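Values reported hereafter were calculated over all heavy atoms of this structure, with side chains retained and with hydrogens, waters and symmetry mates removed. Being a predicted model, the structure only gives us computed values, none of them experimental.
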Amino acid sequence: MFDEPESDPRPTCREPAPGGQSAAADPGAPAPGRRAARPSAGRAERGAAARAAEPGALALALDDRKLAVLRAIVQDYVGTEEPVGSKALVERHNLGVSPATVRNDMATLEEDGYIQQPHTSAGRIPTDKGYRLFVDRLAEVKPMSAPERRAIRHFLDGAVDLDDVVARTVRLLAQLTRQVAVVQYPSLTRSTVRHVELVMLAPTKVMLVLITDTGRVEQRMVDCPAPVRETTLGDLRARLNARAGGRRFPDVPALVEDLPASFEPADRPIVSTVLSTLFESLVEQNEERIMLAGTANLTRFGHDFPLTIQPVLEALEEQVVLLRLLGETNDGGMTVRIGRENDYEGLNSTSVVSVGYGSGDESVAKLGVIGPTRMDYPGTMGAVRAVARYVGQILAES
């Protein structure tokens, strides 16, 4: 039974700044009841540069009220797609202060780089920096509802093999989040051997089948240097499974490399050929695969991309780029990259939310979504996490 917890640790893409501190706790903050003098342009630039050099220092200077204003701006902008003004914030949110106070707070947030004014006489919108603080300190991962969890189970339970699991997962993620969904196939280098099968196809041709703990199946044809006897094939199959079964793929070569010496001299060339093919399968470097779905969803967000959506679409066509997006961190924790935190220039106007999945406690691959920075982060993070956990359960039970 799949259970979705009510809370979740913050995403691990960046160390969250300590919370719960107000400006009054900062030695450089003005005394209570006094308004700080507005710095000159030169002082403001120097202060911004100094704060930018110290990650987390800027967040410490924001009191709870300003953080609440930033949270409200992010929520309203994501929901309405329109720049947010002080009057609208007061009307929609119980901030407990006047529009004039909210305007002052918005001026501070803008000065510090958390929000910006897209054009004159408009309200404010979050910057990448504002979204970053929202994700690290202000957002609470939205748990999936009971009907949503049942829908996930119903959709994924019918999968018949690993390819079907991946295909259903990527479609489900795209539907739940209305973003572009990406699912990485379980990596062979992080998998263990469940079974090795050898099937005679012709006197000198054998099919080698590798089955992993994640349900992945790899097949290779082996052209043997001489006719293979069934007894030799059965003996080799048994010895391979005895030594490699339940072991991690990178560990297998050292465990079986001495097998040829244990066979009759006439059979050793055959055994060596089979092992050579096995080793090629185990250490193959280009075995990573990815499945993508929901690219058409980006057309709903055309105005969220500064010039054109073309660079984003071009990036999505590059499997190497997508693998790097998902695979830069080895742990399976939630990762959120916002805007220019994505190294690939074509994705500088997007956010990537990803998490690891696997059988047991170890992550064998990642899945996630790509969309504009104006994203429902709590809902997206909740959906990605829930789907990953359920896929992990399917693999563990397979």
(message) Quick check: closest heavy atoms across L275 and P260, and the distance to 0.1 Å?
(response) CD1-CD, 3.5 Å
(request) Mark yes or no for whether S363, through its side chain, and G358, through its backbone, hold a donor-acceptor pair below 3.5 Å. (result) no
(message) I want to check something: taking the side chain as every heavy atom from C-beta on, are L210 and L278 in contact at a cut-off of under 4.5 Å?
(response) yes
(message) Quick check for you: to the nearest 0.5 Å, what is the distance between M106 atom CE and L70 atom CG?
(response) 10.0 Å
(message) Applying a strict under-4.5 Å side-chain criterion to I, L, V, M, F, W and Y, I'd like to know whether F155 and V160 cluster together.
(response) no
(message) Please check this pair: side chain of S276 against backbone of S272, looking for a donor-acceptor N/O pair closer than 3.5 Å.
(response) no
(message) Give me the atom names and distance for the closest heavy-atom approach of P265 to P269.
(response) O-CD, 3.4 Å
(request) State whether R340 and E345 are salt-bridged, where the test is any N-O pair (Lys NZ or Arg NE/NH1/NH2 against Asp/Glu carboxylate O) under 4.0 Å. (result) no
(request) State, to 0.1 Å, how close I270 and A226 come at their nearest heavy-atom pair, and which atoms those are. (result) CD1-O, 3.8 Å
(message) Applying side chain to side chain contact (heavy atoms under 4.5 Å, CB included) to V166 and D163, what does each step give before you reach the verdict?
(response) CA-CA 5 Å; V166 173; D163 286 333; 5.8 Å; no
(request) Identify whether NZ of Lys or CZ of Arg in R268 sits under 6.0 Å from the centre of the six-membered ring of F263 and within 45° of that ring's axis. (result) no
(request) Establish whether Y344 and L298 are linked, either directly or via other cluster members, by ILVMFWY side-chain heavy-atom contacts under 4.5 Å. (result) yes
(message) Please check: side-chain N/O of E148 versus main-chain N/O of S145, any donor-acceptor pairing under 3.5 Å?
(response) yes
(message) Working to the nearest 0.5 angstrom, can you tell me the gap between Y357 OH and I394 CD1?
(response) 10.5 Å
(request) Working to the nearest 0.5 Å, report the span between CD1 of I115 and OG1 of T127. (result) 8.5 Å
(request) Would you kindly confirm whether L347 and L313 end up in one hydrophobic cluster when ILVMFWY residues are joined by side chain heavy atoms under 4.5 Å apart? (result) yes
(request) Identify whether I309 and L292 are in the same connected component of the hydrophobic contact network (ILVMFWY, side-chain heavy atoms under 4.5 Å). (result) yes
(request) Search all heavy atoms of T273 against all heavy atoms of C224 and return the closest pair with its distance. (result) CG2-CA, 4.5 Å
(request) Please answer whether the main-chain N or O of R247 pairs with a side-chain N or O of D251 as donor and acceptor at a distance below 3.5 Å. (result) no
(request) Kindly indicate whether the side chain of P372, heavy atoms from C-beta on, has any atom under 4.5 Å from the side chain of T350. (result) no
With a 3.5 Å cut-off and sequence neighbours excluded, list the donor-acceptor pairs that the side chains of residues 230-246 form with protein atoms.
{"residue": "T232", "atom": "OG1", "partner": "R229", "partner atom": "NE", "Å": "3.4"}
{"residue": "T232", "atom": "OG1", "partner": "R229", "partner atom": "NH2", "Å": "3.3"}
{"residue": "T232", "atom": "OG1", "partner": "D267", "partner atom": "OD2", "Å": "3.2"}
{"residue": "D235", "atom": "OD1", "partner": "R239", "partner atom": "NE", "Å": "3.0"}
{"residue": "D235", "atom": "OD2", "partner": "R239", "partner atom": "NE", "Å": "3.4"}
{"residue": "D235", "atom": "OD2", "partner": "R239", "partner atom": "NH2", "Å": "2.8"}
{"residue": "R237", "atom": "NE", "partner": "E197", "partner atom": "OE2", "Å": "2.8"}
{"residue": "R237", "atom": "NH2", "partner": "L198", "partner atom": "O", "Å": "2.7"}
{"residue": "R239", "atom": "NH1", "partner": "S262", "partner atom": "O", "Å": "3.3"}
{"residue": "R239", "atom": "NH1", "partner": "S262", "partner atom": "OG", "Å": "2.5"}
{"residue": "N241", "atom": "OD1", "partner": "H195", "partner atom": "ND1", "Å": "3.2"}
{"residue": "N241", "atom": "OD1", "partner": "V196", "partner atom": "N", "Å": "2.7"}
{"residue": "N241", "atom": "ND2", "partner": "V196", "partner atom": "O", "Å": "2.8"}
{"residue": "N241", "atom": "ND2", "partner": "R237", "partner atom": "O", "Å": "2.9"}
{"residue": "R243", "atom": "NH1", "partner": "L255", "partner atom": "O", "Å": "3.0"}
{"residue": "R243", "atom": "NH1", "partner": "D258", "partner atom": "OD1", "Å": "2.4"}

(request) Take M375 and Q179 through the test side chain to side chain contact (heavy atoms under 4.5 Å, CB included) and record every step on the way to the result. (result) CA-CA 9 Å; M375 177 187 291; Q179 312 282 0; 3.8 Å; yes
(request) Find out whether Q75 and H93 are in side-chain contact, i.e. whether some heavy atom of one side chain is under 4.5 Å from a heavy atom of the other. (result) yes
(request) Would you confirm whether D223, through its side chain, and K205, through its main-chain N or O, come within 3.5 Å as a donor-acceptor pair? (result) no
(message) If we count only N and O atoms by modelled type, under 3.5 Å, do the side chains of Y114 and T108 hold a donor and an acceptor together?
(response) no
(message) Can you give me the closest heavy-atom contact between G356 and A388, atom names plus distance?
(response) O-CB, 3.8 Å
(message) Does Y131 form a side chain to side chain donor-acceptor pair (under 3.5 Å) with D136? I'd like the steps, not just the answer.
(response) CA-CA 9 Å; Y131 285 125; D136 283 347; over 6 Å; no
(request) Check for a donor-acceptor pair, side chain of R149 on one end and backbone N or O of M144 on the other, with a separation under 3.5 Å. (result) yes
(request) Indicate the atoms forming the closest heavy-atom contact of T177 with A383, along with that distance. (result) CG2-CB, 3.9 Å
(request) Using distance alone, with no hydrogens and no angle criterion, decide if N342 and R337 have a side-chain donor and acceptor under 3.5 Å apart. (result) no
(request) Evaluate the side chain to side chain contact (heavy atoms under 4.5 Å, CB included) criterion for residues V336 and R132: first the C-alpha distance (whole Å), next the side-chain angles of each, then the deciding distance (0.1 Å), finally the verdict. (result) CA-CA 9 Å; V336 180; R132 175 80 270 155; 4.1 Å; yes
(message) Just so I know, are the side chains of L89 and L95 near enough to count as touching, which here means a heavy-atom distance under 4.5 Å?
(response) yes
(request) Output the distance between atom OG (S98) and atom NZ (K87), rounded to the nearest 0.5 Å. (result) 13.5 Å
(message) Using modelled atom types and a 3.5 Å cut-off, is there a donor and acceptor pairing between side-chain atoms of R374 and backbone atoms of V78?
(response) yes
(message) Any heavy-atom pair between the side chains of M381 and M334 that's under 4.5 Å?
(response) yes
(request) Evaluate side chain to side chain contact (heavy atoms under 4.5 Å, CB included) for M207 paired with Q219, printing each intermediate quantity in order. (result) CA-CA 7 Å; M207 182 170 66; Q219 298 180 357; 3.9 Å; yes
(request) Please round to the nearest 0.5 Å and tell me the distance separating atom CD1 of I338 and atom CZ of F134. (result) 9.5 Å
(message) Donor-acceptor pair, distance only, cut-off 3.5 Å: does the side chain of R216 make one with the backbone of P186?
(response) yes
(request) Could you tell me whether R178 atom CZ has more than 12 heavy atoms of other residues or ligands within 6.0 Å of it? (result) no
(message) If hydrophobic clusters are built from ILVMFWY residues whose side chains come within less than 4.5 Å, do V217 and V252 share one?
(response) no
(message) I need the R168 CZ to L173 CG distance, nearest 0.5 Å.
(response) 14.5 Å
(request) Using a 4.5 Å cut-off on heavy atoms from C-beta on, say whether the side chain of V199 contacts that of V206. (result) no
(message) Tell me whether D105 is salt-bridged to K66, with the criterion being a basic N under 4.0 Å from an acidic carboxylate O.
(response) yes
(message) Using a strict threshold of under 4.0 Å (side-chain N to carboxylate O), is an ion pair present between E140 and K142?
(response) no
(message) So R194 and T212, do their side chains get closer than 4.5 Å, heavy atoms only?
(response) no
(message) Do I125 and Q116 have side chains that approach each other closer than 4.5 Å (heavy atoms only, starting at C-beta)?
(response) yes
(message) Main chain of V165, side chain of T169: is a donor-acceptor contact present, judged purely on distance under 3.5 Å?
(response) yes
(request) Among L326, V183, L367, find the residue that satisfies the side chain to side chain contact (heavy atoms under 4.5 Å, CB included) test when tested with I290. (result) L326
